[in-house]
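Per chain, numbering begins at 1; letters A, B, ... match sequence-line order. What's counted below: heavy atoms across the whole structure, side chains too, no hydrogens, waters or symmetry copies. What you see is a predicted model; the values in this text were computed from it and never measured.
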2 protein chains.
Amino acid sequence: MGKVRQADIARVAGVSQATVSVVLGGNRTGVRLSERTRLRVLEAAEQLGYVPDPVSSRLAATRNNLLGVYTFTPAFPVDVADAYYPILAGVEAEAAALGKDLIMFTASSAAPDRIRRTRLADGCLFLGRHVPVDGIADLLAAGFPIVYIGRRTELGGRIPHVGADYVSASAEVITRLARAGHTRVRYLREPDDAPSSGDRERGVRAAAAAAGLSLVVVRTDGADLDGPSVRCWLDDGVTALVVEETDTGAVFHATWRALGEAGVSVPGDVSLAVLGRPPAGTAGPVISGFEVPRRALGRAAVRLLASLVEPGSGEPSLHRLLTCPPVAGETIATLA
Amino acid sequence: MGKVRQADIARVAGVSQATVSVVLGGNRTGVRLSERTRLRVLEAAEQLGYVPDPVSSRLAATRNNLLGVYTFTPAFPVDVADAYYPILAGVEAEAAALGKDLIMFTASSAAPDRIRRTRLADGCLFLGRHVPVDGIADLLAAGFPIVYIGRRTELGGRIPHVGADYVSASAEVITRLARAGHTRVRYLREPDDAPSSGDRERGVRAAAAAAGLSLVVVRTDGADLDGPSVRCWLDDGVTALVVEETDTGAVFHATWRALGEAGVSVPGDVSLAVLGRPPAGTAGPVISGFEVPRRALGRAAVRLLASLVEPGSGEPSLHRLLTCPPVAGETIATLA
DNA sequence: CTGAAAGCGCTTACAG
DNA sequence: CTGAAAGCGCTTACAG
């Protein structure tokens, strides 16, 4: 038995193909139809075992209920699995709730032609530490709906996004340290200038200034951290370390290793806070810091994208920041 | 600036839309084309930022470079994350290597109309413990390329699949126990009849019979396991426990908890083997058993699907089983 | 109330 | 060598 088309049903039911389309489409346009015709069509469709061809309906309807997901690294990476997985889980959950399917664009690079391909969906989510400005600018110019996961400042702030409020969350951590009596703090951050890093630093600096706390900011990829570094900081009177936590967790891991190497106890010898959450499976005490609401980010991004694709439900805010709940943890000591 | 079509390129290049299609399609049919025309078209396409519409090409050519991934539970689930993630990572890696994008069909159920939607792609991978026979039979009947990840016996074995050779791997574990001097073994398996469970049991039974080992097979979802159960087995002379490991790890976790509750030491008081790999992050010794080559399963499944979509590269084998490498582990004691 | 036409953007025969 | 036509299976205006 070959493919059954609407035309076949039309022949059997003795109506036009267009009428079949109207009947099977649930008569969305409110066309007047005789009940007799409707039933004849439905019966013929049932009898012939009709299966609508989603590809054709898509071409004709200009909408395909498909949302794209573009990650600049593999979507299922090894080194940032902990960071991406909950986001993607949130994306999937919300997409399913909205009845949308997902296209994962398997990007090995940010090549512009790969980025253009995203237009095959109704709209696309982007996920990554940096923005391939040219490709994204093209999409924006074409009026193609996109949403970045993570706050973006590129292209004059015109990129719609759903991000985390790292500024407030980071400031809160510093305030917590100040309240616990810490006055000399060392802040280790990623070397590159992604907004997520810049936001944290802004929050940290602002809170440190407000609390009159002495702060040293260090950019590092973690490779240069070892036991002697730690000893040196302690000799310098530092009582607390604040570490940025990003996708890969590289800096946190390096710091944790260096602390072990130096044989210092946390928080006995030095307090430790992480601006984010260390990767799951890290042994030891619960590190003080804050939660990144990754799953919620994924869900909110899908909702925003869906509203951009399907306008009319009011003007959505193109830039949202979600709150990062504080994690008390066990690694901040209260000083006398 | 709206969507750029071949007709737009044609206008700019001064040729017909059909010629544009031929040029951009890489001239598959071997039409004679002047190099000058070819370059003019290519240049215009580049300049206008042309992106082929995969929906249209699919309608016209019945091909769109999209592979579907259908999971019967969320693709990014919490309880089987460890099981699915490496598979999906393999799927993504191979798809990227082949230049295919992925459509994730966010299925909350196995409703036939959801399954039909997969026909939007050139072919589709299916992943799940059971087969929704009706929907899959329809696809098969329609000649739609599908590949199951995991061995399938349903529909008279007509479902193409790439699975793991659980029979051999499970038998090997039993043989290992026999060699270590064990003669009374308790085997805890999942209660339902998925092929992955049946295969393990076959391997276990065959090897037990061959080794003259006394075997008791117990079906359990883990809820009824506790300390007293364990004590009871030991009193019965059991020296080794063999536990099935499936997506959720439910039975393994329950067993591990029961062992702890009974206060028995492993492998001091009793040996333990798992037919698979316990979820990552499990504390304690490395459990003896075997590795499930999940990432390789994903890759192989994509390759098979691609060859079904794109025939001509020889007749691929529709049923492949990958070897599961043994894991020696630390939980099998050698008896005197 | 219902049919026939146009068209979504492309590919693949088929004429020149 | 290149253009024009037909058509993939559908939806959505638009005529009757």
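For the atom pair B/Leu24 CG and B/Leu42 CG, the distance stands at 6.5 Å (nearest 0.5 Å).
Secondary-structure annotation of DNA chain D gives the stems C:1-3 with D:14-16, C:5-12 with D:5-12, C:14-16 with D:1-3, with a stem taken as at least 3 successive Watson-Crick or G-U pairs whose two distances both fall under 3.5 Å.
Listed by first then second residue, pairs satisfying salt bridge (Lys or Arg N to Asp or Glu O under 4.0 Å) with a partner in residues 40-52 of chain A number zero, not counting sequence neighbours. Pairs engaging residues 134-156 of chain B under the ring pair (Phe, Tyr, Trp, His ring centres under 6.0 Å) rule: B/Phe126-B/Tyr148 [sequence neighbours left out].
With sequence neighbours left out, the salt bridge (Lys or Arg N to Asp or Glu O under 4.0 Å) criterion links B/Arg320 to no other residue. For A/Asp192, the salt bridge (Lys or Arg N to Asp or Glu O under 4.0 Å) criterion is met by A/Arg129, not counting sequence neighbours. Judged as a salt bridge (Lys or Arg N to Asp or Glu O under 4.0 Å), and not counting sequence neighbours, the contacts of A/Arg299 are A/Glu94. Judged as a side chain to side chain donor-acceptor pair (under 3.5 Å), and not counting sequence neighbours, the contacts of A/Ser34 are A/Thr37. Qualifying salt bridge (Lys or Arg N to Asp or Glu O under 4.0 Å) partners for A/Arg58, counting only residues two or more places apart in sequence or in other chains: none.
Contact footprint of chain A on DNA chain D: nucleotides with an atom under 4.0 Å from a non-hydrogen protein atom, first to last in 5' to 3' order, D/dG9 to D/dT12.
Within 4.0 Å of B/Ala61, counting heavy atoms only, lie sugar-phosphate atoms of the nucleic acid but no base atom. Contacts of A/Ser21 with the nucleic acid, taken as non-hydrogen atoms under 4.0 Å apart, include base atoms.
Nucleotides C/dT12 and D/dT2, compared at atom C1', are 15 Å apart to the nearest Å. The separation of C/dA13 from D/dC1, taken at their P atoms, amounts to 22 Å, rounded to a whole angstrom.
Taking the nucleotide of DNA chain D with the nearest heavy atom to each of A/Asp53 and B/Val15, the more 5' of the two is matched to B/Val15. Residue-to-nucleotide proximity on DNA chain D shows that, of B/Thr19 and B/Ala60, the 5′-proximal contact is made by B/Thr19.
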